[in-house]
Amino acid sequence: MPLKIYDTLTGQKVALEPIHAGEVRIYVCGPTVYDMAHIGHARAYVAFDTAVRFLRRRYKVTYVRNYTDVDDKIIKRAAEVGEDPAALAARFIREFELDMQALAVNNADVQPKVTEHMAEIIDLVATLVAKGAAYVVDGDVYFAVDKFEGYGALGRRDLTDMEAGARVEVDLRKRHPMDFALWKAAKPGEPFWESPWGQGRPGWHIECSAMSSKYLGETFDIHGGGKDLIFPHHENEIAQSRAASGKPFAKVWMHNGFVNVDNQKMSKSLGNFFTVRDVLQKFDPQTLRYFLLTTHYRSPISFSDQTLKETEARVKYLYETLARLEAKVGEGSSAPPYTNDELQQVVARFEATMEDDFNTAKALGDLSEVFTLVNDLLQRDLGDTELRTLRFLKATLTEVGAVLGLFVEPPKVVLERMAARKQADRGVDQKAVEALIALRAEARKAKDFARADAIRKELLAMGVNIKDSAAGTTWELA
RNA sequence: GGCGCGGUACCCAAGUGGCUAAGGGAAGGGUCUGCAAAACCCUCAUUCAUCGGUUCGAAUCCGAUCCGCGCCUCCA
């Protein structure tokens with residue numbers, strides 16, 4: 001079945017037909033590195049990471065995700081904290097990469113930086129000037145939007161409507177209020193690069209046009225980013241790239257929805273702002289990733305502490321199931337996996353679900369019954385067929401997880417990480433807990449259940465849940 | 001004002017013309033357990049914001065209304 005992707009430009013799902021057979025080229029707008037990544041970044045890059053992981057099952061994929069490491073915000077922030085802009089950008093790139101690694105977001109094939117592509121950017125601006133698509137004013141270069149037919153198509157905007165709209169501080173040097181900067185003359189003290197128009201730096205949008213064409217060609221398959229980039233960022237990219245090359249730009253436009261907090265857009269001014277680091281302090285990275293995948297990437301997703309707590313409980317269940325599964329079929333047995341049509345449907349259905357515009361929410365829902373089945377089998381007396389079925393299911397979950405970026409670490413590692421963080425959070429004294437459990441074990445041995453229950457109650461009051469099993473008593477924090 | 005998205009059970013959330021409206025959480029009942037916990041099983045929307053319309057048939061298409069949100073300015 002063909003892969004269908006919702007295309008912002010046409011407003012409908014379109015079948016992916018790669019320009020080069022067997023190969024998909026995709027560009028996703030990366031972060032402007034002037035601060036720590038927030039959960040909106042996490043959503044975007046988890047969404048595209050998952051899409052790319054799925055695409056790689058079928059195609060050779062070239063995935064480019066840039067870093068915007070020179071820009072007004074970086075300069076402003078650097079001045080505020082008294083740091084060199086380049087150093088500040090480099091610092092936040094490192095932090096960003098730590099976050100992405102935690103979230104199991106793979107690196108893109110190419111992660112180009114703006115500052116390392118000045119020659120390409122200047123060439124592109126020069127081409128646009130030469131073609132009459134752009135003009136120079138006092139060392140600035142502007143793109144002339146009214147020279148570009150079809151401006152506003154992506155954002156479904158009409159140039160005349162926008163013209164009528166009242167705008168603040170229209171730069172009178174611009175020929176049209178919507179004209180945007182390709183190159184900005186440097187003010188004193190700002191970082192600059194030499195150019196035919198004097199010392200300056202790239203405008204807000206030109207970098208992506210320059211870097212995408214360098215690594216993917218003038219026309220490529222998919223361009224992605226957050227919904228907020230549709231206008232003007234992506235609109236402007238289209239204008240620049242097409243005006244320069246005279247060829248189509250990206251074939252399909254993918255945009256992810258926002259992360260909302262309290263049903264409102266997360267923003268610094270509203271004070272409902274969370275960095276990835278904030279969240280990872282309280283929750284496991286797999287919890288955050290799972291949470292981000294439970295809603296379709298195009299819909300808004302609502303973030304709250306309560307929801308994350310519920311998600312973590314679910315993720316813990318998944319990993320506990322996997323841990324039990326691994327303990328059962330992990331070693332020893334060389335019995336080949338057993339499968340049948342029904343069991344094979346799991347991956348087939350996953351494929352079909354992901355083919356429909358990367359429906360991770362449904363995929364995760366479908367996976368529920370697999371986990372239930374595993375637990376069901378696990379608590380029976382296992383015959384050979386059941387054991388071999390479990391082997392097959394383990395392979396299935398690993399395969400599906402590899403696309404979703406879940407279950408890539410040993411379950412034990414994740415569970416221990418979750419437990420350790422909770423203990424640190426609550427400041428629970430592990431030794432005291434274990435001492436109480438030992439006392440309770442004695443009481444139980446002596447059939448003094450009243451005392452045993454009293455101790456359990458005491459532990460419960462500390463937030464400690466205990467589980468008795470044939471193998472002994474284990475505990476966890478509620 | 002212009003453009004766009006959405007309103008599905010107590011909560012979260014799939015589903016965009018046709019089998020019984022996925023799945024998760026919560027809740028209630030059960031199996032297991034000394035009792036619990038965990039796991040498993042069962043129950044839990046004749047109904048998809050409202051009102052009309054199209055159709056043999058609509059949560060799904062069309063129109064109107066109400067409500068929520070986003071973009072139009074840096075933003076994932």
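Heavy-atom basis, side chains included; hydrogens, waters and symmetry copies ignored. Source: prediction; values computed, not measured. All chains are named by letter (A, B, ...) in the order of the sequence lines, taking the proteins before the strands, and each is independently numbered beginning at 1.
The nucleotide whose nearest atom lies closest to any side-chain atom of R157(A) is, among G2(B), A76(B), A14(B), G2(B). Closest to the side chain of N260(A), out of C35(B), C69(B), A37(B), is C69(B). Taking the side chain of R156(A) as heavy atoms from C-beta on, and the options C3(B), A14(B), C35(B), the nearest nucleotide is C3(B). Among the nucleotides C74(B), G34(B), C41(B), the one closest to the side chain of T372(A) is C41(B). Side-chain proximity of T32(A) to A76(B), A14(B), G34(B): nearest is A76(B). Set against A14(B), C35(B), A37(B), the side chain of R440(A) has C35(B) as its closest nucleotide. Picking from A14(B), C72(B), A76(B) the nucleotide with the shortest atom distance to the side chain of K265(A) gives A76(B).
U8(B) and G68(B) have their P atoms separated by 14 Å, with the value rounded to a whole Å. When the P atom is used for both A64(B) and G24(B), the distance is 39 Å, rounded to whole Å. Separation of the P atoms belonging to A39(B) and U65(B) is 50 Å when rounded to the nearest angstrom. C62(B) and U16(B) have their P atoms separated by 14 Å, with the value rounded to a whole Å. For the P atoms, the distance linking U20(B) with A45(B) amounts to 16 Å, nearest Å. Only the P atoms considered, G7(B) is 9 Å distant from A14(B), to the nearest whole Å. G29(B) and A22(B) have their C1' atoms separated by 24 Å, with the value rounded to a whole Å. Nucleotides C61(B) and C67(B) place their C1' atoms 22 Å apart, quoted to the nearest Å.
At whole-Å resolution of the value, CG in L322(A) and P in A39(B) are 13 Å apart. Rounded to a whole Å, the CG atom of L154(A) is 16 Å from the P atom of C71(B).
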field: Working for ring pair (Phe, Tyr, Trp, His ring centres under 6.0 Å), residues F249(A) and F220(A)
entry: CA-CA 7 Å; F249(A) 187 42; F220(A) 55 94; 5.2 Å; yes

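Shown here, G17(B) forms no base pair; nothing in the strands shown gives a Watson-Crick or G-U wobble contact with both key distances under 3.5 Å.
Contact check on D468(A) versus R444(A) returns a salt bridge, with a Lys/Arg side-chain nitrogen under 4.0 Å from an Asp/Glu carboxylate oxygen. Note on K282(A) versus E312(A): no salt bridge recorded, every NZ/NE/NH1/NH2 to OD/OE distance being 4.0 Å or above.
Between the side chain of T8(A) and the main chain of W253(A), a donor-acceptor pair closer than 3.5 Å is present.
A cation-pi arrangement is absent between R65(A) and F48(A) under the rule of less than 6.0 angstrom and at most 45 degrees off the ring axis.
Within the 4.0 Å cut-off from OP1 or OP2 of G15(B), at least one side-chain nitrogen or oxygen of N359(A) is found. Checking the phosphate oxygens (OP1, OP2) of C40(B), a side-chain nitrogen or oxygen of N375(A) falls inside 4.0 Å. Remark: R314(A) is in phosphate contact with G25(B), judged by side-chain N or O atoms under 4.0 Å from OP1 or OP2. In terms of phosphate contacts, K316(A) brings no side-chain nitrogen or oxygen within less than 4.0 Å of OP1 or OP2 of A38(B). Close to C40(B), at under 4.0 Å from its OP1 or OP2, lies a side-chain N or O of Y317(A).
The side-chain heavy atoms of I466(A) and R440(A), taken from C-beta on, include a pair separated by under 4.5 Å.
Residue-level contact check: G226(A) touches the backbone only, with heavy atoms under 4.0 Å from sugar-phosphate atoms and none from bases.
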